[in-house]
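The structure appears right after this line, and notes come after that.
Reminder, nothing fancy here: chain letters follow the sequence lines and each chain counts from 1.
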Amino acid sequence: MLSEIFRKKKKYATINLYEEKGYKNIDKKMNPITCTIKEEKDLNDASKIKCKNCNTYVLKEEAKDQFYTCEKCGYHFRIEARERIGLIVDEGSFIEYDQALKTIDPLNFPEYEGKIHKAEEKSGESEAVITGEGKINGASAILCVMNPNFMMGSMGCVVGEKITRAIEKAIEKRYPVIIFCASGGARMQEGIFSLMQMGKTSAALGKLSDEGLLYISVLTDPTTGGVTASFAMLGDIILAEPGALIGFAGTRVIEQTIRQKLPEGFQRAEFLKERGFVDQIVYRKDLRKMLYKILYIHTLGGGSNA
Amino acid sequence: MLSEIFRKKKKYATINLYEEKGYKNIDKKMNPITCTIKEEKDLNDASKIKCKNCNTYVLKEEAKDQFYTCEKCGYHFRIEARERIGLIVDEGSFIEYDQALKTIDPLNFPEYEGKIHKAEEKSGESEAVITGEGKINGASAILCVMNPNFMMGSMGCVVGEKITRAIEKAIEKRYPVIIFCASGGARMQEGIFSLMQMGKTSAALGKLSDEGLLYISVLTDPTTGGVTASFAMLGDIILAEPGALIGFAGTRVIEQTIRQKLPEGFQRAEFLKERGFVDQIVYRKDLRKMLYKILYIHTLGGGSNA
Amino acid sequence: MHNTLEFEKSLIELENKIIGLENFSKENNVNLVSEIDILRKKLDQMKRDVYANLSPWQKVKIARLQERPTTVEYVKTIMPDFIELHGDRLYMDDAAIIGGIGTFEGIAVTVIGHQKGKDTKENIKRNFGMAHPEGYRKALRLMKQAEKFKRPVVTFIDTPGAYCGLGAEERGQGEAIATNLLEMSRLKTPIISFVIGEGGSGGALGLGIADRVCMLEHTIYSVISPEGLSSILWKDAGLAEKAADIMKLTAKDLLEMKVIDKIIGEPLGGAHKDIEFVSNNIKDYLIKELPALLKLDSNTLLDQRYEKLREIGK
Amino acid sequence: MHNTLEFEKSLIELENKIIGLENFSKENNVNLVSEIDILRKKLDQMKRDVYANLSPWQKVKIARLQERPTTVEYVKTIMPDFIELHGDRLYMDDAAIIGGIGTFEGIAVTVIGHQKGKDTKENIKRNFGMAHPEGYRKALRLMKQAEKFKRPVVTFIDTPGAYCGLGAEERGQGEAIATNLLEMSRLKTPIISFVIGEGGSGGALGLGIADRVCMLEHTIYSVISPEGLSSILWKDAGLAEKAADIMKLTAKDLLEMKVIDKIIGEPLGGAHKDIEFVSNNIKDYLIKELPALLKLDSNTLLDQRYEKLREIGK
Ligand SMILES: [Zn+2]
Ligand SMILES: [Zn+2]
């Protein structure tokens, strides 16, 4: 209870304690990054990647040290879900859920199975999201991390189901939920089932909210379509990586609709913050620290659950 | 219970019943109007009033028959609170509350008492709002009716207190509340006390809402300032009379701030409806019927309290 | 009839021939009663065959017909005392979604639906039923009001999709729909949804989280338009018919896949041929389903609604 | 110091003279220690007299000083781990109101306040602390979040008033403030408000419904600005000083009238002379008042908050 803390006259002590435990050493604990970047296809040299923003070729090793951002312009490369997990959670703390879950191709959609196989091969993953629990500087959380390279991070039944189960697990364990969004939208090949995953995941977040539990949404490049119109926008706190494309409709669709080019920076993270939909833009190198800080503040709760 | 109604197979019967009881005869029951119009000062002839909108001179008797609207252009003249009550409630059903409540001039403000006396003389009323209970075509409601001619319908402690008491009475009796707003804003002569009436009335409406009771706000010309920024905008349903000026800041203040003329129709009821702040524009002649209709639908409740 | 559907052409041709015979019979005083009767029966059978075997693409065409009854027409016939309530109390009144209150069978009901126009002028005002964020926020405001006053909510779905434009993105189309999904999933009052025309993607779902979801017989509900799918799959929006064939977007498909609860029957030729017929079917469904839903305590209601969503693609 | 206040001129003159004497003493090696000490004491006494007897108009001037600490500066000193959270999730992030979370004495707290700029450039960005509806809606979003997570809310009030412009009217300035008044009156978590500069009318009250309302010593809180009142009463905004005299807008007036609960002391010369001093006073007040408020069950908390509002002008 707060009042007890106050009575003990531990005046202003907590903040120092907190600084000690948390922020200062956090960078040193960062996990080694071992995965490779797979999204930048136009490589001349396997050891280099080209920055989409400033067209510089960056040494992969150097990019790694920069949390996969361009040293020159700060551009954030898209990264695989497992690399993301490596950047965020304490080493060895991640326990994956439902890894075996695979789509049943509910519409018997032409060529869908082949596409899934290809995506599996290319990514080494079984679906477009990895879910599980882990610790961030010691603070437990449920994490759902989308993979922008697995069929463009599209949401079908497996993605919806894994995220829903993870949220339900969070309710059971009374953990906060963090979802890293990266998606081209709903997965067309699963038709109406993919649309309904928007409702399912949102309903699960409604339950989480009713339980008074925290949900942090982290928007990374790209977050669009059905993911934007469901869990991406439902965070108690919504963070975004710099420059991330975030929107409901795709750029091309809008340009066709309004018959003009979109203005520079439209649907970028900075634009969304300006428009009131993002709490903060956080550089990837600061993300772990920021998440920990929010989790830490949150666990202090208010008067009644502290 | 609805399910009982359904079981009895009284299919589609209720709507007819309702038409019979309510709508059809409602206009015939309209009270005779006996008060005089006091706001239009520039009269050449006591039997005529000039329409501010189309500059026509209208015979008072004829205006009365038109519910104090201009026959030619439909302009709604400002009307006194008692005339309004006469237009709305069933004859003889109105019971006034707190008529004796008078301001104590809390700031000892220069010339305030004199102004109050003048307003009393001019209007024959003791304050800028009349509160009480009455029936509309048999349906009970608490009514607060502001008087645009009593110190410009400004809200001081008495206005705030009378409205708050009326809301509290509604909670006690489980009646719906209807407030007819007409106000130039907070009453400067009561300083911070007048500002605090915004909080007081809004808090009372919060309690009313928590009790699941209905509040209908009717915006008439003019509804501005502190009244707009409190109870006027808090209706579950917000109706407005055509052409009514409705806004937070006064026209002059805005024009000074932005250093340009305001566009035609800005801050008028129709503009506010377009902008999403008014549910419907209702002609004065239809207001009683509309209010009854809403009260009637409302009393049917949903499944659990029908 | 404007907007003749391709597959109706032979039916219309036969109908015109029958009318010709009738006129001939009358003018020349030749008795053709039994012959015409046989032809009429044949025509009726042909119509039944055509409408019983519509292809998905034909369903798409019917679902989009401009003559098709819209939300406001169903509301008028089902709830003659409907009062429209405007505005989101935040930014704008969006005419692409309408909402309000009225009485049905002696109880107060909140109705909300996408609203297409009946002609070009109205369609411009109503943005062809494609709502902006403020439309979804108006819907949410009215749903919260319904919850407060314990009124059930009925929604009518009829949209090509949420609008894809600058303003819609700027004002948070994604946020608005997402918030509706979440809030509808926990709204403490029964919700029943009817797809009455096009159920287009997230824009449809934004009014579609419900305890019961029905589709009229000749409507569609899908994650993307057939044109959209074909242009993504085959870079050719002209292959929409082919796309429709694989999408499973008809009422029959969705009922089989247990995504919806009920198909509401339409008259031969589609809802616009006899709106009373469809309205009565909707009324009957409401009369059958509402009492039981209204009887549930809100925890059970919400648990069942959650389970319903939870089951899809589990 | 820029922006010299009229009534401080003689104090500054004397101070300069003392500094002159000190320099003279040092340069010429003349011992003036005791003389200077006497003068310093005199100056101190003069300052005390001036600041103890400020006229309402002088208070207005101090409350509006550009050097005066703003919300973000108090937040930084009181809650060094503050995380700012942006946006109303509806239309825009309004820089005239800031909000976020942080820890205070080991508990999580939500802080919200008007934010003026420290120079012209920042003031343009922050609209001189005059919020649009989206500012009040951001505040409400953060307050509802605080309620959900059982965090107390601290607000800092410092605004000439809510902005009076086209966009503000179009997007419902009145609605936004009104909704905050209602929602703050029933927010199930403690709220403590501090007027740290100007408490201007409805724009101030929109963050000001609270369980405890404090004013810093040299702040004002009023239904209209002195300029506004004088231009209405006497058609002359230049008579603002005269208006201020009759308005009862100082902290002392409001405490006497029982509209506020406490005056938070400022250092001699105003809060900007020693922000730590003021921050410590604010901290002490929070430490004294928060525990008891946090202990109340939410019904009692809300009943007491209601009674507090209810009593004003009863
Ligand atoms: Zn670069
Ligand atoms: Zn006229």
### Message
Using side-chain heavy atoms (C-beta onward) and a distance below 4.5 Å, is Leu107(A) in contact with Met257(C)?
### Response
yes
## Note on the structure
Turns out that what part of Glu111(A) lies under 4.5 Å from chain C's heavy atoms comes down to neither
### Query
In Å and rounded to the nearest 0.5 Å, what is the CE to OG1 distance from Met130(C) to Thr257(A)?
7.5 Å
### Query
When only heavy atoms count and the cut-off is under 4.5 Å, which of residues 225-242 of chain C reach chain A?
Leu229(C), Ile232(C), Leu233(C)
### Task
Name the member of Met198(A), Lys207(A), Glu274(A) that forms the most heavy-atom pairs with chain C at distances under 4.5 Å.
Lys207(A)
#### Entry: Greatest number of heavy atom pairs closer than 4.5 Å to chain C - which of Ala186(A), Ser194(A), Ala204(A)
Ala204(A)
### Query
Has Glu113(A) got more than 12 heavy atoms of other residues, nucleotides or ligands less than 6.0 Å from its CD?
no
### Task
Nearest 0.5 Å please: distance from the CD atom of Glu175(C) over to the CD1 atom of Ile246(A).
13.5 Å
### Query
Looking at Ser230(A) and Ala178(C), what are the two nearest heavy atoms and their distance?
O-CB, 3.2 Å
#### Entry: Proximal component of Ser222(C), with respect to chain A [non-hydrogen, under 4.5 Å]
backbone
### Query
If you count heavy-atom pairs under 4.5 Å between each of Leu249(C), Leu166(C), Leu254(C) and chain A, which one has the most?
Leu166(C)
### Query
Tell me, side chain or backbone of Arg187(A) under 4.5 Å from chain C's heavy atoms, or both, or neither?
neither
### Task
Answer whether the closest heavy-atom distance between the side chains of Arg186(C) and Ser209(A) falls below 4.5 Å.
yes
### Query
Most heavy-atom pairs under 4.5 angstrom with chain C, which of Leu234(A), Thr228(A), Leu101(A)?
Leu234(A)
### Query
Above 12 or not: heavy atoms from other molecules or residues under 6.0 Å from NZ of Lys102(A)?
no
### Query
Are Glu170(C) and Phe266(A) close enough, and set up right, to give a side chain to side chain contact (heavy atoms under 4.5 Å, CB included), and what steps lead you there?
CA-CA 9 Å; Glu170(C) 284 168 354; Phe266(A) 190 76; 3.9 Å; yes
### Summary
Max heavy-atom pairs within cutoff under 4.5 Å with chain A, candidates Ile224(C), Ile209(C), Val259(C), goes to Val259(C)
### Query
Given that the side chain runs from C-beta out, which part of Lys162(A) has a heavy atom under 4.5 Å from chain C: side chain, backbone, both or neither?
neither
## Note on the structure
Expected contact set for residues 187-204 of chain C against chain A at heavy-atom separation under 4.5 Å reads Ser201(C), Gly202(C)
### Query
In terms of heavy-atom contacts, does NZ of Lys61(C) have more than 12 from other residues, nucleotides or ligands at under 6.0 Å?
no
Output a table of donor-acceptor pairs, distance under 3.5 Å, between side-chain atoms of residues 141-148 of chain A and any protein atom two or more places apart or on a different chain; print 'none' if there are none.
{"from": "Asn147(A)", "atom 1": "OD1", "to": "Asn149(A)", "atom 2": "N", "distance (Å)": "3.4"}
{"from": "Asn147(A)", "atom 1": "ND2", "to": "Glu80(A)", "atom 2": "OE1", "distance (Å)": "3.3"}

### Message
With heavy-atom distances below 4.5 Å as the criterion, would you say the side chains of Met196(A) and Leu205(C) are in contact?
### Response
yes
### Query
Just wondering, are more than 12 heavy atoms of other shown residues or ligands nearer than 6.0 Å to NZ in Lys262(C)?
no
## Note on the structure
Expected contact set for residues 303-314 of chain C against chain A at heavy-atom separation under 4.5 Å reads Asp303(C), Tyr306(C), Leu309(C), Arg310(C), Ile312(C), Gly313(C), Lys314(C)
### Query
Between Thr164(A), Val253(A), Val227(A), which residue shows the highest count of heavy-atom pairs closer than 4.5 Å to chain C?
Thr164(A)
### Task
Give a yes or no on whether the backbone of Gly247(A) and the side-chain of Glu169(C) come within a donor-acceptor separation of less than 3.5 Å.
no
### Query
Among Arg171(C), Met247(C), Met184(C), which has the most heavy-atom pairs under 4.5 Å with chain A?
Arg171(C)
